There are 2 protein chains.
Amino acid sequence: MKKRVTIQDLAKELNTTPSTISRALKNHPAISKSMKKKVVDLAKERNYQINALAAGLRIGKSKTIGVIVPRINRDFFSNVIAGVEDMAFENGYNVVICQTHDKVAKERQHLNTLISSGVSGILVSVGLETNNFDHFDEVKRLGIPLIFFDRVAEQSDVNKIQNNDKAGAYKAVVHLIDNGYKRIAHFAGPDYLNVYKDRKEGYLDALRDYNIEIEEELIIESDLKVESGRVSMKQLIELPNPPDAVFSASDYSALGALLYLDEMGIDVPNQIGVVGYSNENFTALISPSLTSVNQHGMEIGRYAAKVFFEEINDQQKSLIPRTIVLDPELIIRASSVRK
Amino acid sequence: MKKRVTIQDLAKELNTTPSTISRALKNHPAISKSMKKKVVDLAKERNYQINALAAGLRIGKSKTIGVIVPRINRDFFSNVIAGVEDMAFENGYNVVICQTHDKVAKERQHLNTLISSGVSGILVSVGLETNNFDHFDEVKRLGIPLIFFDRVAEQSDVNKIQNNDKAGAYKAVVHLIDNGYKRIAHFAGPDYLNVYKDRKEGYLDALRDYNIEIEEELIIESDLKVESGRVSMKQLIELPNPPDAVFSASDYSALGALLYLDEMGIDVPNQIGVVGYSNENFTALISPSLTSVNQHGMEIGRYAAKVFFEEINDQQKSLIPRTIVLDPELIIRASSVRK
DNA sequence: CTGAAAGCGCTAACAT
DNA sequence: ATGTTAGCGCTTTCAG
C-alpha cells in the first residue's frame with residue numbers, strides 16, 4: 001500500500017518543479033516538446049493519476065457533470081445518460097449519475113451533494129413528487145449551469161430540453177382514429193408534471209380536431225404503473241359503454257392494460273387498440289407488440305450536455321435560457337393496427 | 001451569483017474560528033452545546049454546504065463509494081445499485097455510478113477517474129470483455145477497498161459477493177427435468193466469466209445426476225442478447241433431433257428463443273420448455289411468462305457495501321479477503337410447466 | 001472548551 | 001521556457 005504519486009514526486013525525479021509538470025501534463029504551449037515528452041512518459045511509467053480533489057479545490061470546481069434522474073432502469077433515462085456520457089467524454093468531463101426514485105427528499109440530497117462536490121453543471125429530470133422547485137434556487141444562485149430535461153420545471157428562466165409531448169400524443173391518437181377506433185380512452189399522469197399535462201392536451205386536441213366527443217369517464221389519472229394500468233382497464237371495460245381503444249401516457253400502464261385484456265380474452269388490436277408512451281425496450285418484445293412513442297433519449301442527453309458546454313464556454317454569460325423541443329416519433333406495432 | 005459560504009464566513013459571523021465551526025458541524029464532543037446550536041443554526045440559515053473537495057483533499061479521500069457495472073438499465077444491476085445506495089446513505093456516504101457498456105477501456109477509464117477523485121472504495125462487476133484484471137492492481141496497491149460482485153475476478157485475494165450460479169442453474173435444469181423435458185439445450189455465455197462458466201457447470205451437473213446424456217450440439221455459446229437467442233433457437237430447431245427444452249444463461253436470449261418459437265408456431269411450454277436467468281422485470285410481463293432465476297440484486301448490493309464498511313472500519317487491516325455466496329431462487333412461471 | 005497554524009496537491013499569476 | 005509563490009477550504013495536532 002504505497003502512497004499515490006504526486007506532481008512533486010515527478011518534479012523531483014526530473015529535477016524540475018511542480019508547475020512545469022502541471023503545465024506539461026496539460027499540454028501548455030510554453031513548455032518545450034522535449035520536456036513534455038519526458039513528463040508524460042514518466043507520468044505513465046509511475047502510473048500518475050491527477051488528484052482531482054486538489055485540482056478541483058484549486059480551480060473552484062471539478063470537471064464533472066451531475067445527472068439526476070428519477071430512476072436509472074428506465075430505457076429512456078438510461079439512453080439519456082448514455083448520450084450525456086458520450087458528450088462528456090468527448091470533452092474530458094465525468095458524469096455522476098444520481099437517482100431519486102421519484103422522491104423529492106432524494107432530489108434535495110443529491111443536489112446538495114453535487115454542489116458540495118463542486119460539479120460544473122447539473123442536468124435534471126425531476127421526480128413524480130416534485131411540484132415545487134425551490135431547491136433548485138441555490139444551484140442558480142451559485143451560478144452552476146442547470147439544465148432540465150424531459151420532466152422540466154415550470155420556471156421560465158432555465159434551460160430545458162423537452163420532448164414535444166403534445167405532438168407525440170396527438171400523433172398517437174390520430175393514428176388510433178385513422179385505424180378506425182371511435183371511443184378512445186386515456187391513461188393520464190399527474191397534471192403538475194409537464195409531460196403528462198402535455199400528453200393529455202395532445203389527446204384532447206386530436207379528439208377535438210376529429211370531432212370526437214370528449215368523455216370525462218374515459219380519462220383516468222393514476223401513477224401509470226403496470227398495476228394501475230390493469231385496474232384502470234378493468235374500470236373501463238366495466239363501463240356501460242366501454243371504449244374501443246386506449247392511449248396510455250406510459251408504456252407500463254399500457255402493459256397492465258394488455259395483461260388484463262389478455263386475461264379477459266379480449267382481442268388486441270381487433271376489439272381494443274392500445275398505444276403506450278416512451279418506447280421502452282419491452283414494447284417490441286411482448287405479444288402483441290405495443291405501439292408507442294419514441295422520445296429519442298440519446299439525443300436528449302446529447303443536447304442537454306451540449307447546452308451545458310455552451311453555458312460554460314460562454315465567457316460573457318450573455319446566454320439567455322433556452323428551451324429546445326424535440327419531436328417524438330410514433331412507432332407503430334401490432335397493438336393498434338386492426339387486421 | 002454569490003460565492004459559496006465557507007466555514008470562515010460562519011466563523012467571522014460568530015466571532016470564532018474555523019476550527020470551532022468545523023468541530024461543531026461534526027458534532028465533536030469538545031464543543032459546548034450552545035456553540036453547536038449557534039453554528040448549526042447559522043449554517044442552515046446561510047445554506048452552508050461543505051466543500052467536499054477541500055475536505056477530501058485534507059483527509060486524503062472523499063466519502064464516496066464508486067460502483068462500476070456493465071450497464072445500468074439491467075434490473076439486476078439497478079437493484080444492486082439501490083442496495084448499495086441504501087447502505088451508503090445510512091452511513092453518510094455517497095455513491096457514484098459508472099457504466100462500462102461491457103468495454104474494458106471504459107472500465108479502465110472509470111477506475112482511473114474514481115482513483116483520481118479519491119473514492120473511499122470501489123465495488124465492481126466486470127464487463128463481458130474483461131478477461132484480465134491488471135487494471136485493478138493499482139486500486140489494491142493504493143489500499144483502496146475493492147469488492148467484486150456478480151461477475152468477479154478470478155484472483156483469490158479480493159473480496160467477492162457472488163451468486164451461487166451453479167446452484168441456480170442446477171435448480172433450473174432439475175425443474176425442467178421434473179417437468180418431463182428430456183433433451184435440454186443450453187445457451188451459454190463466455191467461459192472466462194465466472195457466472196457463465198458456473199451456470200454451464202450447474203447445467204452439466206444436473207444432466208449427469210439424472211443420467212441424461214450430454215450433447216455438445218445442444219450447448220450454444222453466444223453473447224446472450226435477444227437476437228442471439230433467436231439465432232440459437234433457430235439452429236436448435238433445425239437439428240435432426242431438436243431439444244424439447246432450453247436453459248438460457250440470460251433472460252434476453254431466452255426471450256429471443258420465445259419470439260422465434262412464437263413465429264414458428266411452436267407451443268411453449270407444451271412443445272418446448274424455456275427457462276431464463278436473472279429474473280429481469282419483463283420475464284413476468286411477457287406471454288408466456290418466463291421461468292427465471294432471481295439473483296437478489298438488492299441483497300448483493302447491501303452485502304457489497306457492508307463488506308466495504310467493514311474494510312474501512314477495521315483499523316488493523318487484519319481482514320482477509322472474503323467471498324460471500326448467496327443462493328439464488330428459481331421463479332417458476334408459465335414457460336416451463338406443461339399443461 | 002476554543003484558538004493558532006500547518007498542510008493536503010494542485011494551479012496560475014508573476015517573476016526570471 | 002521554466003521557477004517562485006500564494007492560496008483554494010478544510011481538518012487536526014498542539015497549545016492554551
Side-chain angles (χ1 to χ4, degrees), chain A residues 2-40 42-43 46-64 92 112-113 115-120 142, chain B residues 2-40 42-43 46-64 92 112-113 115-120 142:
Chain A
K2 228 182 75 182
K3 259 192 84 339
R4 19 198 321 177
V5 8
T6 70
I7 53 174
Q8 341 260 1
D9 301 332
L10 301 183
K12 217 165 286 170
E13 269 203 75
L14 293 178
N15 284 313
T16 178
T17 59
S19 345
T20 304
I21 305 291
S22 173
R23 287 192 265 246
L25 254 17
K26 299 216 135 42
N27 202 21
H28 187 111
I31 301 289
S32 70
K33 271 228 166 74
S34 63
M35 181 53 108
K36 272 181 193 163
K37 182 159 169 35
K38 279 203 291 182
V39 171
V40 169
L42 184 67
R46 294 277 171 278
N47 231 317
Y48 169 77
Q49 298 290 349
I50 193 174
N51 183 329
L53 261 21
L57 174 59
R58 181 58 233 253
I59 62 172
K61 63 186 169 196
S62 66
K63 286 191 109 184
T64 301
N112 287 339
T113 311
I115 292 174
S116 258
S117 65
V119 291
S120 297
L142 293 171
Chain B
K2 230 181 74 184
K3 260 193 79 350
R4 17 197 323 175
V5 9
T6 71
I7 53 174
Q8 341 260 1
D9 301 333
L10 302 182
K12 218 165 286 172
E13 270 203 74
L14 293 178
N15 283 316
T16 175
T17 58
S19 338
T20 303
I21 304 292
S22 173
R23 287 193 267 247
L25 254 17
K26 300 220 134 41
N27 201 21
H28 188 111
I31 301 290
S32 70
K33 271 232 167 69
S34 62
M35 181 53 108
K36 272 182 193 162
K37 183 162 167 33
K38 279 202 289 181
V39 171
V40 169
L42 184 67
R46 293 277 171 279
N47 231 316
Y48 170 77
Q49 298 291 347
I50 191 173
N51 183 329
L53 261 20
L57 174 59
R58 181 57 235 250
I59 62 173
K61 63 187 169 194
S62 66
K63 285 190 113 187
T64 301
N112 287 338
T113 312
I115 292 174
S116 260
S117 65
V119 292
S120 296
L142 293 170

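Order of the sequence lines sets the chain letters (A, B, ...), proteins ahead of strands, with each chain counted from 1. As the structure is a prediction and not an experimental result, all values here were calculated from the model.
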Here the distance between atom P of C:dT2 and atom CG of B:L14, to the nearest Å, is 11 Å
Whether B:Y48 contacts D:dG9 is assessed here as follows: a side-chain N or O lying under 4.0 Å from the phosphate OP1 or OP2. Is that the case? no
Quick check on DNA chain C: between B:S32 and B:L57, whose nearest nucleotide comes earlier from the 5' end? B:S32
Measure the spacing between CG of B:L142 and CD of A:Q49 and express it to the nearest 0.5 Å. 8.5 Å
Length of the line joining A:L10:CG and D:dT2:P, which is rounded to integer Å: 16 Å
Protein-nucleotide distance (A:K36, atom NZ; D:dA1, atom C1'), rounded to Å: 11 Å
Take the protein atom CG of B:L53 and the nucleotide atom P of D:dC8, then report the distance between them rounded to whole Å. 14 Å
Whole angstrom value for the distance that separates P of C:dG9 from CG of A:L25: 16 Å
Under 4.0 Å, heavy atoms only, any strand: does A:I50 hit a base, just the sugar-phosphate, or nothing? sugar-phosphate
Rounding to a whole Å, what distance do you find between B:R4:CZ and D:dC10:C1'? 12 Å
Between C:dT2, D:dG9, D:dA1, spot the one nearest the side chain of B:T6, thanks. D:dG9
In this structure, CG of A:N15 is separated from NZ of A:K38 (nearest 0.5 Å) by 8.0 Å
note: A:K37, atom NZ; D:dA1, atom P; distance rounded to Å ~ 18 Å
Considering all heavy atoms, the nearest A:R4-A:I50 contact: NH2-O, 4.0 Å
So, for B:Y48 and B:L10, which heavy atoms are closest and what is the spacing to 0.1 Å? CG-CD1, 4.0 Å
Is there side-chain contact between A:N47 and A:V5, with at least one heavy-atom pair below 4.5 Å? no
Hey, could you give me the CD1/OG distance between A:I7 and A:S19, rounded to the nearest 0.5 Å? 7.5 Å
For B:I59, report the nucleic acid contact type (base, sugar-phosphate, nothing); a contact means any heavy atom under 4.0 Å. sugar-phosphate
Under 3.5 Å between N/O atoms: give me all the protein pairs with nucleotides 4-6 of chain D, atom names plus distance.
unit_1: D:dT4; atom_1: O4; unit_2: A:S19; atom_2: OG; d: 2.9

Which nucleotide, C:dC1, C:dG9, D:dA1, lies nearest any side-chain atom of A:A30? D:dA1
Whether A:S116 side chain and B:N51 backbone form a donor-acceptor pair below 3.5 Å: no
In whole Å, I'd like the distance from the CD atom of B:Q8 to the P atom of C:dG3. 14 Å
Name the closest nucleotide to the A:T16 side chain, picking from D:dC10, D:dT2, C:dG9. D:dT2
